[in-house]
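Predicted model only: the values in this text are computed from it and were never measured.
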Amino acid sequence: VRWSISFIQSGLNLLRGNAAVMLPSERYFGQLELVYAFYGAMPTGVTVSETGRIFVCFPKWGDDVPFTVAEITGGQLVPYPNIETNTAKQGNLTASFISVQSVIADGIGTLWILDTAAPNFSQPIIGGAKLIAVDLKTNTIRKVYPFSEDVLLPTTYLNDVRFDFRVGKAGIAYITDSSYEGPGGI
């Protein structure tokens, strides 16, 4: 069987023998809309809750980052859940954000926050790397899952998180380690 490709009118046809098969082609629809323009710190994550709330995160990579998690509300970036939580507390690192890389709204009322605890791509601060569940109705931290020294390597850089709620009672979190020096993994 001989295959040949040819462009006919605006679609792409694949010819097989004498029969032409129409392949999908790109279509444009809707209008692009700017939701927020960022100047300064570089956001690495954005998520939208089931009620339309928009959250972003800014890891501390050397630029001026006054807060590492924010909600876009009223055309402004507002520290989320508040500025106090976005200020690292040396005495209680699990209760504050250090350098957040990823935010995920799960569609069932929780904002999940992945804190690398590795500002400027440094070695993770022991006791600071964690996965945090924030209740979107009360805007309070519901649960903190800290990563212990036996889980984190000195080269670990927690990058992203995804959930599979089909597994077990609470689901399972898949977290990528995108270390540039040591082994990476999920």
Side-chain angles (χ1 to χ4, degrees), residues 35-38 40-61 63-152 156-178 186:
V35 174
Y36 189 85
F38 296 91
M42 176 178 40
T44 59
V46 62
T47 191
V48 181
S49 76
E50 66 275 10
T51 61
R53 295 170 69 185
I54 303 171
F55 301 91
V56 293
C57 61
F58 307 88
K60 295 182 179 176
W61 288 346
D63 41 2
D64 182 27
V65 178
F67 41 82
T68 189
V69 178
E71 181 176 5
I72 300 173
T73 181
Q76 300 294 317
L77 287 175
V78 178
Y80 186 83
N82 52 53
I83 192 66
E84 293 78 24
T85 305
N86 276 271
T87 305
K89 298 173 188 74
Q90 291 302 329
N92 190 1
L93 294 175
T94 59
S96 60
F97 304 156
I98 298 169
S99 184
V100 172
Q101 174 70 31
S102 182
V103 289
I104 303 290
D106 65 9
I108 52 176
T110 302
L111 178 67
W112 293 92
I113 297 171
L114 184 62
D115 190 343
T116 68
N120 298 317
F121 298 101
S122 66
Q123 183 172 329
I125 298 168
I126 301 303
K130 59 200 164 286
L131 181 64
I132 305 124
V134 178
D135 185 312
L136 288 171
K137 284 191 175 96
T138 63
N139 299 313
T140 57
I141 294 174
R142 180 185 308 139
K143 180 89 173 154
V144 176
Y145 301 89
F147 301 111
S148 60
E149 289 182 65
D150 61 330
V151 173
L152 293 175
T156 292
Y157 189 82
L158 303 173
N159 182 276
D160 208 357
V161 60
R162 291 296 183 268
F163 298 91
D164 184 351
F165 292 110
R166 301 170 303 159
V167 180
K169 285 177 136 182
I172 188 167
Y174 293 91
I175 300 172
T176 56
D177 177 351
S178 61
I186 296 177

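I72 pairs with exactly one of V48, V46, I54 by the side-chain contact (heavy atoms from CB on, under 4.5 Å) rule, that one being I54. Among T116, N159, T156, the single residue meeting the side chain to side chain donor-acceptor pair (under 3.5 Å) criterion with D177 is T156.
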Could you go through the side-chain contact (heavy atoms from CB on, under 4.5 Å) check for F67 and L77 one step at a time?
CA-CA 10 Å; F67 41 82; L77 287 175; 4.0 Å; yes
Walk me through whether F165 and D106 qualify under side-chain contact (heavy atoms from CB on, under 4.5 Å).
CA-CA 10 Å; F165 292 110; D106 65 9; 3.9 Å; yes
Could you go step by step and tell me if Y80 and F97 meet the side-chain contact (heavy atoms from CB on, under 4.5 Å) rule?
CA-CA 10 Å; Y80 186 83; F97 304 156; 5.9 Å; no
Determine, stepwise, if the pair L131 / F147 fulfils side-chain contact (heavy atoms from CB on, under 4.5 Å).
CA-CA 8 Å; L131 181 64; F147 301 111; 4.0 Å; yes
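Ring orientation note: the planes of Y157 and W61 are tilted relative to one another, at an angle of 30° to 60°.
In plain terms, the two heavy atoms of K60 and T68 that are nearest each other are CE-CB, 4.5 Å. Between A105 and T47 the shortest heavy-atom distance is N-OG1, 2.9 Å. Contact record, P81 with N86: N-ND2, 4.3 Å, taken as the closest heavy-atom pair. Taking all atoms of both residues into account, the shortest heavy-atom contact from A117 to A129 is CB-N, 3.2 Å. The shortest non-hydrogen separation linking G128 to L93 is CA-CB, 3.9 Å. The two residues A95 and T85 make their nearest non-hydrogen contact at O-CG2, 4.0 Å.
A distance of 8.5 Å separates CD1 of I104 from CG of L111, quoted to the nearest 0.5 Å. Considering CD1 of I132 and OH of Y145, their distance stands at 11.5 Å, rounded to 0.5 Å. Note that OG1 of T73 is 9.0 Å distant from CZ of F55, once rounded to the nearest 0.5 Å. Annotation: the span from I113 atom CD1 to Q101 atom CD amounts to 13.5 Å, rounded to 0.5 Å.
Applying the salt bridge (charged side-chain N to carboxylate O under 4.0 Å, His left out) test to residues at least two apart or on different chains, the pairs with a partner in residues 156-174 are D160-R162, D164-R166. Every pair passing salt bridge (charged side-chain N to carboxylate O under 4.0 Å, His left out) that includes a residue from residues 70-86 is listed here, sequence neighbours excluded: R53-E71.
Using a 4.5 Å cut-off on side-chain heavy atoms (C-beta onward), I175 and S102 make no contact.
Between the side chains of S49 and T51, at least one donor N or O lies within less than 3.5 Å of an accepting N or O.
Side-chain atoms of D115 come within 3.5 Å of backbone atoms of S99 as a donor-acceptor pair (strictly under, hydrogens ignored). A side-chain donor-acceptor contact under 3.5 Å links E50 to the backbone of G109. Judged by distance alone, with hydrogens and angles left aside, the side-chain atoms of K130 form a donor-acceptor pair with the main-chain N or O of S96 at under 3.5 Å. Of the possible donor and acceptor atoms, one in the side chain of D135 sits under 3.5 Å from a partner among the backbone N and O of K137.
Around CD of E149, the count of heavy atoms belonging to other residues, nucleotides or ligands within 6.0 Å does not exceed 12.
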